[in-house]
Amino acid sequence: MTKSELVEKLSTVNGFLNKKEAELVVNTIFDSIGDALIGGDRVEIRGFGSFTIRQRDAREARNPKSGDLVRIPSKKTPFFKTGKELRERVNSGGLA
């Protein structure tokens, strides 16, 4: 599902929201999650999962084309861990 499909579904399911308002809701949620992660916070949505930041250490790798060693600096990457309820729903195939 794309972001635009999510906006469409939100406006369809909730008849009191037009597409512009539904897009504002979706953007606000995504922006809030992003801002929290940038600030170093953990975001937990019960039954769905949690978003955290993980620190990846610096390392050396090889350029596959030339075979030269390349130094990759340390970096922070977003990480999502599914919640138990979502994991169970996906595994059972029931999206009730």
Side-chain angles (χ1 to χ4, degrees):
M1 175 179 279
T2 64
K3 185 176 173 182
S4 59
E5 291 170 339
L6 179 60
V7 168
E8 178 71 34
K9 183 163 184 158
L10 184 61
S11 66
T12 302
V13 171
N14 297 294
F16 58 89
L17 286 177
N18 62 37
K19 283 186 184 178
K20 196 153 197 87
E21 293 169 331
E23 185 174 11
L24 180 63
V25 169
V26 170
N27 287 337
T28 301
I29 291 169
F30 289 164
D31 290 345
S32 297
I33 291 171
D35 291 344
L37 292 174
I38 289 168
D41 295 332
R42 177 177 187 265
V43 178
E44 181 179 336
I45 303 170
R46 298 278 175 164
F48 184 71
S50 61
F51 298 89
T52 56
I53 294 293
R54 290 208 173 159
Q55 181 72 33
R56 296 193 58 174
D57 295 333
R59 60 189 173 94
E60 288 185 350
R62 292 213 179 263
N63 179 335
K65 190 171 185 176
S66 65
D68 295 338
L69 276 177
V70 178
R71 179 157 165 53
I72 300 174
S74 67
K75 60 185 171 182
K76 296 177 182 178
T77 58
F79 179 77
F80 176 73
K81 181 178 179 186
T82 57
K84 180 181 177 184
E85 184 179 322
L86 176 60
R87 196 169 39 250
E88 289 173 350
R89 286 176 60 190
V90 169
N91 285 328
S92 71
L95 300 174

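This one's a predicted model, so the numbers in the text were calculated from it and none came from an experiment.
Scored by the ring-ring contact (aromatic ring centres under 6.0 Å, His included) test, F80 finds F48, F51 as partners (sequence neighbours excluded). Applying the side chain to side chain contact (heavy atoms under 4.5 Å, CB included) test to K65 and every residue at least two apart in sequence or in another chain returns N63. Under the side chain to side chain contact (heavy atoms under 4.5 Å, CB included) criterion, E5 pairs with M1, T2, not counting sequence neighbours. Remark: R87 engages T82 in a side chain to side chain donor-acceptor pair (under 3.5 Å) (not counting sequence neighbours).
For the side-chain hydrogen bond (donor to acceptor under 3.5 Å, both in side chains) condition, the pairs that include at least one residue of residues 27-44, sequence neighbours left out, are K3-N27, R42-E44, R42-S50, E44-R46. Pairs passing the ring-ring contact (aromatic ring centres under 6.0 Å, His included) check and including a residue from residues 22-47, sequence neighbours excluded, do not occur. Residues in residues 67-77 take part in no salt bridge (charged side-chain N to carboxylate O under 4.0 Å, His left out) pair, two or more places apart or across chains. Applying the side-chain hydrogen bond (donor to acceptor under 3.5 Å, both in side chains) definition to pairs two or more places apart or across chains, those involving residues 10-21 are E8-K19.
Considering all non-hydrogen atoms of both residues, A22 and V7 come closest at CB-O, 3.7 Å.
Within the 4.5 Å cutoff, the side chain of T77 has no heavy atoms near those of the I53 side chain.
Cluster annotation: I29 and V43 are assigned to the same hydrophobic cluster (Ile/Leu/Val/Met/Phe/Trp/Tyr, side-chain heavy-atom contacts under 4.5 Å, transitive). By the criterion of side-chain heavy atoms lying less than 4.5 angstrom apart, applied directly or through intervening Ile, Leu, Val, Met, Phe, Trp or Tyr residues, F16 is not grouped with V13; the two fall into different hydrophobic clusters.
Distance CD/E23 to CG/L6: 10.5 Å, rounded to 0.5 Å.
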